Structure formats: C-alpha cells, structure tokens
There are 2 protein chains.
Amino acid sequence: MRMTSQREIILKELQDSHQHLSADELYERVKKIMPRISLATVYRNLETLSEAGIIGKLEISGRQKRFDFDIHPHDHIYCLQCHRVDNIDFDRNLVNPAEVASDKGYQITGYRVEFKGICSACRRNQKKREDGDKK
Amino acid sequence: MRMTSQREIILKELQDSHQHLSADELYERVKKIMPRISLATVYRNLETLSEAGIIGKLEISGRQKRFDFDIHPHDHIYCLQCHRVDNIDFDRNLVNPAEVASDKGYQITGYRVEFKGICSACRRNQKKREDGDKK
DNA sequence: TTACAATTGATAATTATTATTAGAAGGGGT
DNA sequence: ACCCCTTCTAATAATAATTATCAATTGTAA
C-alpha cells in the first residue's frame, strides 16, 4: 500500500477529529484541504486503511458506517437522535466468546457491544424545545 | 392499527418461519400467498408491526435489516459469509447499563451484544471446497 | 350511506456504497 | 532521464436497500 497524499490527509483528518466520522463527513473535511478529491477516493481509502488495520470500521445499527482512529478493541454508544457515536468503558472480560461458541456451531471471530440512547446535547435541545413550548 | 389481511399474512409468515428474515425474503414468501402484494407494503408493515412492539427489528452490522418474531430481549450472532442470523444464549445480567450510563451523559435506552463468525453450514462448504481443490 | 382516515400497490426518489474506466503518478531497473 | 509496471485517482455509472409519493381502495363509524 502506497501512502499517497490523499491517503495521508484522510488518515490525518480522521485522527485529528478524534471523532467517529462517516465517509461523507470526512469527505467534507478533506475537501477543504484537497478540493479536487472524489468521494469515491475517500470511500476507497477508508476501506483500504481499515483492511490494513490502520483504522477501524464501525458498523453501527442500520446506519452509515463510521471510521475510528482508535483500533484497540472497545465498544460504542450512539445517539438515536443525532447519530453521533462515542466510546464506552465496557469491560470486555465480562464476555466469554468461547462460552457462546458451542451454541450453534459457529466459529466466532469477534463480538461487539452496542449501547444506544440520547446524548447529552440532544437532551439539552429537547428540554429547551419543551420549555419553549410552555410559553 | 388495523389488522389488515396483508398485515396478518406478513406476521404469520414471519412467525411460522422461525427465522430472522429480511424484508425481501419475507416478500418472496408472502407473494406465494398474496401474489399482488407490493414490496413497499411489506416494508411498511414490518415497520408498523415493529413500532407496535409485535415483532422485533434487527439492525445488524451494516447489512439488510432483519425481523424477529421473538420480542423478548436477547442477542444474536450472524454469519459473515451467508449473513444468516441466529439467537445466542448470552446472560444479559452480565451487562449493567447503569454503570455505563454516567460515562458520557447519555440516557441509555438499550444495548445489544452482537457476535459474528462463520456458521456451521458455511464451514462445511468451505471444507468441501478445500478438499475439492486438493484433488 | 356518506364521509373520513388508514391502507394499499405501483412507482419514483433517496441514501449509502461499490464498480468501472480511462488517465495520472510513483518507483524501480536500465 | 526513459520506459515499464503497478497502484492510484477522479468522475461517473451502477447497485442495493429503503423510504416517499400519490391516486385508488377499503374499513369504520357517525
């Protein structure tokens, strides 16, 4: 894999963001630095980078994929309202894949724990809206 | 919500299947009984039925949604190869949402544990193919 | 039985993503 | 520096899954 300039910028933008960005969010950011880049290039390189294990790919519930600068195994929570994704501190030792394995004859290669809820920003907004309605 | 005939058949087919079917799989089945039904109706009713809490909606990793006749809280494993989904026996008491809750100010409404791997049928097929290659 | 809302089938539109393709660019080996 | 080979890119088309639109139909309830 060649570390091209587009690849480099995509990677840097994702890492600097410290967020779980989707391909199109990243595309918007990268375009500011490299205006002629194509959305397909962003998709392609995110795929390549995640295959190479340099970034993580998050396949969150029925939504756009998001990409993660942090590749150590960890779990996530996402907001049902604004779809942002955050890391959670969940003790992965609590889960023992070997125990589940026998279940249906699956050969288990991984697992993830996914919490969902409403993030603090969305709750604030909701409250503000409700207060507004009262007036 | 009116229990229309299409609604009834969709529900019955899902329940009788004892599987985690996708909208189009269910469409194929329902069409055999009610040939003029529209795919949109299947989508619409699966949505309605799951909103009403009569069936469950499975939003598995970056894939087609699947629907579940079994609404009691439980977790799933899916096959990376053929994309089938099975239930797993996972002790949900191991996870304490309240502990995670404080983390980022989220109000947690649920969580799921999702295993992935290769199902026994796909492993058999893989083995068969390998044996074939040897000859 | 009339009137109104819910539902349907057909189809168009949308969203997210992947595939295609022709051309450009990087990096040896000579 | 020049050629060759592979990788990569931009632009665009294609695809897959789902949702929206809308006119026609059906069920329900006054």
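Below, each value reflects all heavy atoms present in this structure, side chains not excepted, and no hydrogens, waters or symmetry copies. Bear in mind that the values here come from a model prediction, so they are computed numbers and not experimental data. Naming: A, B, ... by sequence-line order, numbering from 1 per chain.
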Looking at residues at least two apart in the chain, or sitting in another chain, which of them share a side-chain contact (heavy atoms from CB on, under 4.5 Å) with A:Asn125?
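Residues passing side-chain contact (heavy atoms from CB on, under 4.5 Å) with A:Asn125: A:Lys128, A:Arg129.
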
Under the side-chain contact (heavy atoms from CB on, under 4.5 Å) test, which residues partner A:Asp86, sequence neighbours left out?
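Per chain and number, A:Asp86 pairs via side-chain contact (heavy atoms from CB on, under 4.5 Å) with A:Ile77, A:Arg84, B:Lys104, B:Tyr106.
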
Check the side chains of A:Arg123 and A:Ser120 for a donor-acceptor pair under 3.5 angstrom, ignoring hydrogens and angles.
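No.
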
For a quick test of reading the model: is some side-chain N or O of [X] closer than 4.0 Å to OP1 or OP2 of [N]?
| X | N | result |
| --- | --- | --- |
| A:Lys57 | C:dT17 | no |
| A:Lys31 | D:dA10 | no |
| A:Tyr43 | C:dT17 | yes |
| A:Thr41 | D:dA10 | yes |

Would you mind reading off the distance between [X] atom [atom1] and [N] atom [atom2], rounded to a whole angstrom?
| X | N | atom1 | atom2 | value |
| --- | --- | --- | --- | --- |
| A:Leu46 | C:dT18 | CG | C1' | 13 Å |
| A:Asp24 | C:dT14 | CG | P | 17 Å |
| B:Arg63 | D:dA17 | CZ | P | 8 Å |
| B:Lys65 | C:dT15 | NZ | P | 14 Å |
| B:Ile37 | C:dT11 | CD1 | P | 16 Å |
| A:Leu58 | C:dA16 | CG | P | 16 Å |
| A:Leu39 | C:dT17 | CG | P | 9 Å |
| A:Leu49 | D:dT9 | CG | P | 10 Å |

Nearest heavy atoms of B:His20 and B:Val85, plus distance in Å:
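Result for this residue pair: ND1-O, 2.9 Å.
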
Answer yes or no on whether A:Arg92 is positioned over the face of A:Tyr111, meaning its NZ or CZ is under 6.0 Å from the six-membered ring centre and within 45° of the axis.
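The answer is yes, since A:Arg92 meets both limits relative to A:Tyr111.
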
Starting from the C-alpha separation in whole Å, work towards a yes-or-no answer on salt bridge (charged side-chain N to carboxylate O under 4.0 Å, His left out) for B:Glu25 and B:Arg66.
CA-CA 9 Å; B:Glu25 285 169 349; B:Arg66 291 181 172 273; 3.1 Å; yes

Could you work out which one of C:dT17, D:dA11, D:dT18 sits closest to the side chain of A:Arg36?
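Taking heavy atoms from C-beta onward, the closest nucleotide is D:dA11.
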
With 3.5 Å as the limit, what N/O pairs link the protein to nucleotides 3-8 of chain D?
from, atom 1, to, atom 2, distance (Å)
D:dT7, O2, A:Arg2, NH2, 3.1
D:dC8, OP1, A:Arg2, N, 2.8
D:dC8, OP1, A:Arg7, NH2, 2.3
D:dC8, O5', A:Arg7, NH2, 3.4

For A:Arg2, does its backbone N or O pair with a side-chain atom of A:Arg7 as donor and acceptor, under 3.5 Å?
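The answer is yes, because a donor-acceptor pair under 3.5 Å joins these two groups.
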
